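Below, chains carry the letters A, B, ... as their sequence lines are ordered, and counting in each starts from 1. All of these numbers come straight from a predicted model, not from anything done at the bench.
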2 protein chains.
Amino acid sequence: MRIYLIFFDTAFYNKNMSESSRKILSDHNVSITNPRILVLEALMESQNPQTIDDLQKKLQNKVAKSTLYRVLGDLKKINVLHEFTSPDNTTVVELLLHDAEHHHHLFCGDCGEIIDVGLSDEFEKLLSEEIKKIERKFNFHINDHRVEMFGTCTDQCSNCK
Amino acid sequence: MRIYLIFFDTAFYNKNMSESSRKILSDHNVSITNPRILVLEALMESQNPQTIDDLQKKLQNKVAKSTLYRVLGDLKKINVLHEFTSPDNTTVVELLLHDAEHHHHLFCGDCGEIIDVGLSDEFEKLLSEEIKKIERKFNFHINDHRVEMFGTCTDQCSNCK
DNA sequence: AAAAAAATGAGATAAATTCTCATTTATACT
DNA sequence: AGTATAAATGAGAATTTATCTCATTTTTTT
């Protein structure tokens, strides 16, 4: 048996998040400002979708409310942020990084947790075919889709139980 | 060639809508009141999802704003109303009648129209299997799902063009 | 380093929804 | 049918969520 000691260098991770935040902004020709970096870092802190309230708590008045909304708008405009609504009508937001895979969402009605889930290639392929049929039938041009699943986490969720 | 004359008896349809509204309420042990009947009738007037604003216009001050929201809440509670949010964050609402088939939604980003669409049995079957996998993987109990498709209606839509 | 452009903070404003409570309406019970 | 009781409604106040305004600060350009 081997024992590994893992040193968790928070500074390193923070520096990393700051770096990637800057990169996201410069890659999209958006000026690099402190509020934007802070908001991006807060978004990166969790891989699952978060509410605006979650973000405000993380930012702890380091960014004004109006600025937070404005920055989220900026990030939507450059397509690195996805905004949608949970079943209880709360706006949630998640970062879409270059390497983010196409995914869908699973909602827990008890604790409100939202989990990113991937579905099989077979399923996605059949869905694309269905979408082509719908496009023809309704004379639509469809550019996006999503599958949402609603339920309750039985025991694993950290918020519930 | 034959020519058919179709007489559209509004009174008959109104009476019918009023009757089914009453039936919906009594079937669910909800007291039958005028505002509830009016809201149900407004909901029945269109088969596709409608915004709260649409309803208010149809009701033309015959039902107070607070009552409208309250009645919609009541209808949700007895599971005859489905409420969700369109991509531009507007709340929309649709009646779920006993005979309503399982369906999904198609959103037009230009005119805001929302269309009910059914997908093939083959697709729904595969989706159920995917959902079973997700339930196992995340230890969830999933009780509902929906597929949303986003695009633009190319020329058929009555609101656009 | 200075000038120009852009972003921010603080609070005002707007829109959507919920809440409060006095009055009205519906239901249950003679 | 008529009355008592319970429930629902209307009107507007309050709350919540998001956007807007504009003077000040920060970033970018030169």
Side-chain angles (χ1 to χ4, degrees), chain A residues 18-19 21-43 49-78 80-93 112, chain B residues 18-19 21-43 49-78 80-93 112:
Chain A
S18 174
E19 292 291 299
S21 299
R22 283 163 197 278
K23 184 158 170 24
I24 289 169
L25 296 172
S26 59
D27 282 356
H28 292 87
N29 278 319
V30 168
S31 65
I32 295 163
T33 66
N34 218 254
R36 285 177 178 158
I37 292 167
L38 291 172
V39 171
L40 280 168
E41 286 178 351
L43 285 165
Q50 308 180 62
T51 65
I52 309 287
D53 202 55
D54 290 339
L55 290 176
Q56 274 177 321
K57 273 176 194 139
K58 284 184 185 164
L59 293 168
Q60 269 300 111
N61 295 325
K62 277 180 282 187
V63 172
K65 180 169 55 93
S66 51
T67 303
L68 172 56
Y69 280 104
R70 220 166 0 206
V71 168
L72 293 177
D74 298 338
L75 298 178
K76 274 192 278 181
K77 216 175 294 167
I78 61 174
V80 299
L81 191 77
H82 179 207
E83 181 184 291
F84 58 102
T85 310
S86 72
D88 64 339
N89 251 17
T90 312
T91 299
V92 289
V93 114
Chain B
S18 173
E19 292 290 298
S21 299
R22 283 163 196 276
K23 182 156 173 27
I24 289 170
L25 296 172
S26 59
D27 282 356
H28 291 87
N29 276 318
V30 169
S31 65
I32 295 163
T33 67
N34 218 252
R36 285 178 179 156
I37 292 168
L38 291 171
V39 171
L40 280 168
E41 287 178 351
L43 285 164
Q50 309 182 60
T51 65
I52 307 288
D53 203 54
D54 291 338
L55 290 177
Q56 274 178 323
K57 273 175 195 137
K58 285 183 185 166
L59 292 169
Q60 270 298 111
N61 296 326
K62 276 179 281 184
V63 172
K65 181 166 55 89
S66 50
T67 303
L68 172 57
Y69 279 104
R70 224 171 353 210
V71 168
L72 293 176
D74 298 337
L75 299 178
K76 274 192 277 180
K77 218 176 294 166
I78 60 173
V80 299
L81 190 77
H82 180 208
E83 180 185 293
F84 58 101
T85 310
S86 73
D88 64 338
N89 249 19
T90 311
T91 299
V92 288
V93 114

Subject >> Whole-Å distance separating the CG atom of Asn61(B) from the C1' atom of dA11(D) >> reply: 12 Å
Original post:
Which heavy-atom pair separates Leu59(B) from Ala42(B) by the least distance, and what is that distance?
Top reply: CD2-CB, 4.1 Å
Original post:
At under 4.0 Å between heavy atoms, what does Arg70(B) touch on the DNA or RNA strands: base, sugar-phosphate, or nothing?
Top reply: base
Original post:
Of all the nucleotides listed (dT28(D), dT17(C), dG9(C)), which has the minimum atom distance to the side chain of Lys65(B)?
Top reply: dT17(C)
**OP:** To the nearest Å, give me how far apart NZ (Lys62(A)) and P (dT25(D)) are.
**Re:** 22 Å
Original post:
Has the side chain of Ser66(A) got a donor or acceptor that lies under 3.5 Å from a partner of the other kind on the base of dA10(C)?
Top reply: yes
Subject >> Length of the CG-P vector between Asp54(B) and dA16(C), whole Å >> reply: 12 Å
**OP:** Please state how far atom CD in Gln56(A) lies from atom P in dG9(C), giving the value in whole angstrom units.
**Re:** 13 Å
Original post:
Expressed in angstrom and rounded to an integer, what is the separation of Tyr69(A) atom OH from dT16(D) atom P?
Top reply: 13 Å
**OP:** Could you work out which one of dT27(C), dT28(D), dT8(C) sits closest to the side chain of Ser31(A)?
**Re:** dT28(D)
**OP:** Evaluate salt bridge (Lys or Arg N to Asp or Glu O under 4.0 Å) for Asp53(A) paired with Lys57(A), printing each intermediate quantity in order.
**Re:** CA-CA 6 Å; Asp53(A) 202 55; Lys57(A) 273 176 194 139; 2.9 Å; yes
Subject >> Among dT27(D), dT9(D), dT8(C), the nucleotide that comes nearest once only the side chain of Thr33(B) is considered >> reply: dT9(D)
**OP:** Specify the separation, in whole Å, of atom CG of Asp53(A) and atom P of dA18(D).
**Re:** 10 Å
**OP:** Locate the shortest heavy-atom distance separating Val63(A) from Pro35(A); write the atom from each residue and the value.
**Re:** CG2-CA, 3.9 Å
